[in-house]
Amino acid sequence: MKTIIKSIDKNNIDIKDIDEAASILREGGLVAFPTETVYGLGAKALDHKAVGKIFSAKGRPSDNPLIVHVSDVDMVKGLVKEIPRLALKLMEEFWPGPLTLIMEKSSSVPEIITAGLNTVAVRMPAHPIALKVIERSGVPVAAPSANISGRPSPTEAVHVIEDLMEKVEMIIDGGSSQIGLESTVLDVTVSPPMILRPGGVTLEQLKEFVGEVDIDKAILANYQDDVKPKSPGMKYTHYSPKADVIIIEGNIKACVEKIRELAEDYVKKGVAVGILATEQTKERYTIGIVKSLGDRERPDTIASNLFKGLRCLDNEGVGVILAEAVEYGGVGLAVMNRMKKAAGYNIVKV
Ligand code: TXA
Ligand code: MG
């Protein structure tokens, strides 16, 4: 299949380009588009056949349900049995934005979207291109991250091109995704609501707004097998580059020492080393390919560079990636969740 690559300036959108994407979606094709979290791979959500193409293009397991994207709250009405009051308040506060709400599904949502569950995940992205594409197509759009299943999620169009070229009808290049990791998945069918996947909206923000918020124990667990996650997608090894990833966690000085020591050992064995460091520590490493993810005091900067950093080091051909752990506060919780999955829970504590 020939893939059309279309550059669109998010600050100066040409509606003709958007309409081309919208008509591909309406006709049952696939369009990858930028959102504020990561790039999404969109298909018409209520069309079983169109959604099936997402699973084939990504190589996604069929038991992993998709998020349905809307451009306004009205669109949610056809997707769910009812919008719980709390959900409506959360939409008013956090939409458009990186918060996905799990609600009871209506009968019009095909099983392929929900992987047979009786709930559906819905989100309204805070990105002018994503919103316009959904609005002009006039239908809810199912969109997982636009990567081959298991690979780090794409935060730039080049990442989508790497993974999905010739597998989709169109890829929209709309620049870098600002947040850099996925939306928070919040189950509002239970009380208190429960975070099934940490993401762009933080636990602290939700607690401040809602009061009590639970968090799926599997998110905080260190080993995959300990607890079964409630969100199907969270059970897969994920976000993985080709290289082995090892996280080094603990006091920052001790972390740096350990990484220096490990890097030296690997290089002696002839293994090329990549290091995911931070602004505060990057100068401390003298061997290996060093990438700073951002400022330790600002987890949002680290979030926006994590997936890109993993892909970058992969492209450099390193055999092992040594990554500094960061604090769990704010979006740091989501950063550490993704990092642990990328590492297959291979963590060295110092
Ligand atoms: O930021 C995002 O959410 C991005 C952008 C493109 O919007 N999308 C995204 O989709 O991350 P995906 O498919 O990569 O992740 C969806 C997650 C998976 O972990 C899936 O298991 C979970 O949401 N999910 C979807 N429907 C669910 C449901 N009914 N119950 C529980 N978890 C669900
Ligand atoms: Mg994904």
Side-chain angles (χ1 to χ4, degrees), residues 31-43 45 51 54-55 57-71 79-80 94-106 109-127 129-131 133-134 140-155 159-160 163-164 172 174 177-190 193-201 216 218-219 228-240 303 307 331 334 337-338 341-342:
V31 176
F33 56 83
T35 83
E36 82 283 25
T37 56
V38 300
Y39 272 70
L41 177 60
V51 174
I54 292 182
F55 285 87
K58 278 179 62 86
R60 183 179 176 104
S62 61
D63 65 349
N64 192 3
L66 303 175
I67 298 172
V68 180
H69 293 65
V70 296
S71 54
L79 301 169
V80 299
F94 295 103
W95 280 12
L99 180 67
T100 294
L101 297 171
I102 305 288
M103 291 170 280
E104 271 189 63
K105 81 176 199 77
S106 75
V109 178
E111 286 222 335
I112 187 168
I113 292 270
T114 63
L117 299 172
N118 59 5
T119 52
V120 61
V122 188
R123 132 169 155 89
M124 177 173 165
H127 193 291
I129 296 176
L131 282 175
V133 167
I134 304 165
V141 174
S145 47
N147 52 291
I148 295 288
S149 269
R151 297 259 298 140
S153 299
T155 57
H159 304 154
V160 183
D163 282 15
L164 296 177
I172 298 178
S177 290
Q178 185 205 336
I179 295 177
L181 43 76
E182 300 87 342
S183 62
T184 303
V185 176
L186 185 71
D187 185 353
V188 288
T189 67
V190 292
M194 182 184 274
I195 295 181
L196 305 185
R197 176 177 77 178
V201 170
D216 183 0
I219 290 169
K228 195 166 169 283
K230 292 194 165 39
S231 181
M234 297 303 280
K235 73 173 181 283
Y236 297 104
T237 325
H238 224 117
Y239 315 114
S240 311
F307 290 143
V331 79
N337 171 264
R338 306 303 193 276
K341 284 172 155 294

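Order of appearance sets the numbers: ligands from 1, and atoms from 1 within every ligand. Side-chain atoms are counted along with the backbone in the values below, which use heavy atoms only and exclude waters and symmetry mates.
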Quick check on contacts: which atoms of ligand 1 are under 4.0 angstrom from a heavy atom of [X]?
{"X": "L196", "result": "31 (C)"}
{"X": "T119", "result": "28 (C), 29 (N), 30 (N)"}
{"X": "S183", "result": "1 (O), 2 (C), 3 (O)"}
{"X": "L117", "result": "28 (C), 29 (N), 30 (N)"}
{"X": "A121", "result": "25 (C), 26 (N), 27 (C)"}
{"X": "A143", "result": "6 (C), 8 (N), 10 (O)"}
{"X": "G40", "result": "6 (C)"}
{"X": "P232", "result": "21 (O), 31 (C), 32 (N)"}

If I apply the N/O under 3.5 Å rule, does [X] come out as touching ligand 1?
{"X": "E182", "answer": "no"}
{"X": "T35", "answer": "no"}
{"X": "S231", "answer": "yes"}

*From CA spacing to verdict: side chain to side chain donor-acceptor pair (under 3.5 Å), T100, R197*: CA-CA 9 Å; T100 294; R197 176 177 77 178; 5.0 Å; no
Ignoring hydrogens and angles, tell me if any N or O in the side chain of N337 forms a donor-acceptor pair with the backbone of P198 under 3.5 Å.
no
Apply the test side chain to side chain contact (heavy atoms under 4.5 Å, CB included) to residues M103 and V122: give CA-CA distance (whole Å), side-chain angles for both, the deciding distance (0.1 Å), then the verdict. CA-CA 8 Å; M103 291 170 280; V122 188; 4.0 Å; yes
Nearest 0.5 Å, please: how far is [atom2] in [Y] from [atom1] in [X]?
{"X": "S153", "Y": "D163", "atom1": "OG", "atom2": "CG", "answer": "9.5 Å"}
{"X": "H159", "Y": "S177", "atom1": "NE2", "atom2": "OG", "answer": "9.5 Å"}
{"X": "R60", "Y": "N147", "atom1": "CZ", "atom2": "CG", "answer": "8.5 Å"}
{"X": "L66", "Y": "L41", "atom1": "CG", "atom2": "CG", "answer": "9.0 Å"}
{"X": "H69", "Y": "H127", "atom1": "NE2", "atom2": "NE2", "answer": "12.0 Å"}

- Under 4.0 Å from ligand 1, counting heavy atoms only, is it the side chain of N64, its backbone, both or neither?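 The answer is the side chain of N64.
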Judged by non-hydrogen atoms, does P125 sit under 4.0 Å from ligand 1?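 Distance cut 4.0 Å: P125 fails for ligand 1.
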Judged by non-hydrogen atoms, does K105 sit under 4.0 Å from ligand 1? no
Next on the checklist: When you measure from the Mg ion (ligand 2) to the N, O or S atoms of S145, does any of those distances fall below 2.8 Å?
Outcome noted: yes
- Option with minimal heavy-atom separation from atom 13 (O) of ligand 1, where the choices are M124, M103, R60, R197: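 That would be R60.
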Can you tell me if CD on Q178 sees more than 12 non-hydrogen neighbours from other groups inside 6.0 Å?
-> no
request  = Might you point out which heavy atoms bring I172 and P34 nearest each other, and give the distance in Å?
outcome  =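 Residues I172 and P34, closest heavy atoms: O-CD, 3.8 Å.
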